[in-house]
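The structure under discussion appears below in the form of structure tokens.
Quick caveat, the model's predicted, so the values are computed rather than measured.
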Number of protein chains: 2
Amino acid sequence: MRYSDTRKEETRKAILRAAASAVRAKGPDGVGVAEIMAEAGLTHGGFYAHFRSKEALVAAAVEEAFAQSARRFARMTQGMSAPESLAAFVDAYVSPEHRAHPSRGCPLATLSSDLPRQGEAVRAAYERGVKGLIARLAGWLPGEAGDLHGLAASVAAEMAGAVALSRAIADDDEAIRLLADARARIKSRIGIFQ
Amino acid sequence: MRYSDTRKEETRKAILRAAASAVRAKGPDGVGVAEIMAEAGLTHGGFYAHFRSKEALVAAAVEEAFAQSARRFARMTQGMSAPESLAAFVDAYVSPEHRAHPSRGCPLATLSSDLPRQGEAVRAAYERGVKGLIARLAGWLPGEAGDLHGLAASVAAEMAGAVALSRAIADDDEAIRLLADARARIKSRIGIFQ
DNA sequence: TAGGAAATATGATGATTATCATATTATGAT
DNA sequence: ATCATAATATGATAATCATCATATTTCCTA
């Protein structure tokens, strides 16, 4: 073996991270293979040594994007109780920071309308990510287990919808007010006050 | 004048309608000028006699899509009281039919993630459409005028988010259950029961 | 330290697409 | 019926992009 055992894997990871960011920033069809490779510090030619096709990369990037979000929130809520985690999650999700940084944000708010138009592999990765997010949310919600999934889905829909809506508002102050209002409504709806 | 006064305007309308549908179905960047023109029964060459650029067409198509939705709901709720209109609106919006037909659906549920990546003109048209939708909703909501805008925005976010979410679920039955649940939650949240 | 394979780069290809230049067709007034 | 012209079509161009073929570089091992 002429290269270290981990070299190729590291390169693959770098491409994947670049893609996870670029796909959210520019959309799966708005970004090119060459651009992603350049972002990872490489040229376009080596791409197919790492991924079978652009679609395979996009599918992996969607999975990576959801995984990044999950890790970020896991870190953020470390050691918190369920209600604290929930509040922190809503605050971080329905926030001006999230609105301002699609490339690091939740794919649900950033890719929702692109997804139905993607290939099967990408849609499957997205569906897994969505379900994981809802399950995590449901685990934090108070109440009897039976009904929590529906409430979690409803809350996820409103959070993602609110962030997407806020991105349609050009005026920052107006968008920030919309987010603050949505945040308050969501929290009161799930029994978190103030 | 060798052609009837209305001929060109009619052709423009035909292109616009084709675009309004295609843009929702395939995304602003997923559809080509030639494809839209073919859909309107024309060839690509004449396009620039009707629109200055593809972006101008997309902006007009977004406006048209919002206008179509508004007209459709105006027709549907004709003669209804505010609470009835509201209930009919939620039922029609958060529905399997809406999920199944993005090309005729609300741009908010179909284009949200594409929009931030579009040019200024498109984003402006979208923002106007979104604000119109929220204002219409607010007009139907019960309560004191002051707080209705925030609630309307929150409801719009959840409705659009729920439809987008349902489109990520491949299994029809599961998606339909999600929609039914979201519908019930939204209606109970705005004081409509059953 | 040199050889050789693994990793990456360079360059090419064909497909697609927005836009524009020019040709053709359709139509209503004469 | 014919003509002038508005409306539309045909065809070209240049750019972009996914993919692939081939060349070059890198760096571990012997």
Query raised in the report: Picking from A:R183, A:R177, A:R185, what satisfies salt bridge (Lys or Arg N to Asp or Glu O under 4.0 Å) with A:D181?
Result: A:R185
Requested in this report: Mind telling me whether B:Y93 and B:F73 have parallel, tilted or perpendicular rings, with 30° and 60° as the class edges?
Outcome: parallel
Rounding to an integer number of Å, can you tell me how far [X] [atom1] sits from [N] [atom2]?
| X | N | atom1 | atom2 | value |
| --- | --- | --- | --- | --- |
| B:E9 | D:dA6 | CD | P | 17 Å |
| A:M37 | C:dT8 | CE | C1' | 8 Å |
| B:F51 | C:dC20 | CZ | P | 16 Å |
| B:H50 | D:dA7 | NE2 | P | 8 Å |
| A:K8 | D:dC27 | NZ | P | 16 Å |

Query raised in the report: If you measure only the distance, is there a donor-acceptor pair under 3.5 Å linking the side chains of B:E158 and A:S154?
Result: yes
Query raised in the report: Can you give one letter per nucleotide of nucleotides 13-21 of chain D, going 5' to 3': B for a protein heavy atom under 4.0 Å from the base, S for sugar-phosphate only, - for none?
Result: -----SBB-
Query - Sub-4.5 Å side-chain heavy-atom contact between A:F47 and A:L42 - result: no
Query raised in the report: Counting heavy atoms not belonging to A:E127, are there more than 12 under 6.0 Å from its CD?
Result: yes
Report task. Using only side-chain N and O atoms of B:T11, determine if any of them is under 4.0 Å from OP1 or OP2 of D:dT8. Result -> yes
**Report entry** Side chain of B:T43 - closest among C:dT8, D:dT8, D:dA9
**Finding:** D:dA9
Requested in this report: State, to 0.1 Å, how close B:G143 and B:L148 come at their nearest heavy-atom pair, and which atoms those are.
Outcome: O-CD1, 3.9 Å
